[in-house]
Amino acid sequence: IEQHKWENGYKALPIQMQRRESSAMIFRASRRVRHLHPSAPVLSVHDSLLIPFREELIQDTRKAIKHAFYDLYGVEATVNEDSKTDQNEG
């Protein structure tokens, strides 16, 4: 990290990390989920994928995120779930 900052300046590293994260989430994970579940809406928001609350879709999304980061960067990603539902429902 220090070498990267020395060669590219301190502002370049966070930008590069954001680009890599978006590549994994948008170009790998969300594409995989859309391929597996073409009728399901998949929205990317910052470092998250918003999907309907369906167990199979949740499991496939978790796997897609983990595989994307491992395949691209060789790291084990941690996937957190936040299952918020509409408070106005029934």
Side-chain angles (χ1 to χ4, degrees):
I1 291 175
E2 292 300 319
Q3 182 69 26
H4 187 278
K5 286 195 298 189
W6 176 259
E7 293 172 359
N8 302 292
Y10 71 94
K11 292 180 181 179
L13 183 60
I15 293 169
Q16 184 179 21
M17 291 176 71
Q18 288 173 342
R19 286 183 180 153
R20 288 184 179 205
E21 180 182 45
S22 68
S23 292
M25 293 298 283
I26 296 170
F27 299 116
R28 287 288 184 105
S30 68
R31 280 186 182 173
R32 179 69 180 152
V33 174
R34 287 183 182 113
H35 174 75
L36 294 172
H37 303 274
S39 64
V42 178
L43 304 173
S44 61
V45 178
H46 301 291
D47 60 351
S48 302
L49 294 180
L50 302 179
I51 58 171
F53 189 77
R54 295 196 316 252
E55 191 58 38
E56 182 182 9
L57 184 55
I58 293 167
Q59 295 300 323
D60 288 342
T61 301
R62 182 186 297 117
K63 289 177 190 175
I65 292 170
K66 286 179 171 277
H67 285 140
F69 279 91
Y70 189 79
D71 292 347
L72 288 171
Y73 310 117
V75 297
E76 298 285 335
T78 300
V79 178
N80 297 313
E81 297 173 29
D82 185 359
S83 58
K84 292 184 180 175
T85 58
D86 187 353
Q87 297 298 318
N88 296 323
E89 289 182 9

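Along the sequence shown, the residues carry numbers beginning at 1. Because only heavy atoms are used, hydrogens play no part in the values below, and waters and symmetry mates are left out as well, while side chains stay in.
- Distance check, rounded to the nearest 0.5 Å: CG of D47 to CD of Q18 gives 10.0 Å.
- Every residue two or more places apart in sequence or in another chain that forms a side chain to side chain contact (heavy atoms under 4.5 Å, CB included) with E56 is listed here: H37, D60.
- Tracing side-chain contacts under 4.5 Å through hydrophobic residues (I, L, V, M, F, W, Y), one reaches Y73 starting from M25; they form part of the same cluster.
- Legend: residues meeting side chain to side chain contact (heavy atoms under 4.5 Å, CB included) with S44, ordered by chain and number and at least two apart, are I26, L49.
- Among residues two or more places apart in sequence or in another chain, the side chain to side chain contact (heavy atoms under 4.5 Å, CB included) test is passed with Y70 by E76.
- Atom OG of S30 sits about 11.5 Å away from atom CD1 of I51, to the nearest 0.5 Å.
- Membership of the apolar cluster around L50 extends to L43, V45, as traced through chained side-chain contacts below 4.5 Å between ILVMFWY residues.
- The two residues V42 and R34 come nearest to each other via the heavy atoms O-NH2, 2.7 Å.
- The two atoms that bring L57 and T61 nearest to each other are O-OG1, 2.7 Å, heavy atoms only.
- In the hydrophobic clustering (ILVMFWY side chains linked at under 4.5 Å, chained through shared members), L36 stands by itself.
- In the model, R19 has no side-chain atom that pairs as donor or acceptor with a side-chain atom of S23 under 3.5 Å.
- Under the side chain to side chain contact (heavy atoms under 4.5 Å, CB included) criterion, N8 pairs with H4, A12, sequence neighbours left out.
- Scanning both residues, A68 and A29, for their nearest heavy atoms gives CB-N, 4.0 Å.
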Let me see the working for V79 and K66 under side chain to side chain contact (heavy atoms under 4.5 Å, CB included), right down to the final yes or no.
CA-CA 7 Å; V79 178; K66 286 179 171 277; 3.8 Å; yes

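- In terms of heavy-atom proximity, L72 sits nearest to A24 at CD1-CA, 3.6 Å.
- One hydrophobic cluster holds both F53 and I65 under the rule that ILVMFWY side chains link at heavy-atom gaps under 4.5 Å.
- Residues P52 and I58 approach most closely at O-CG1, 4.4 Å, considering heavy atoms.
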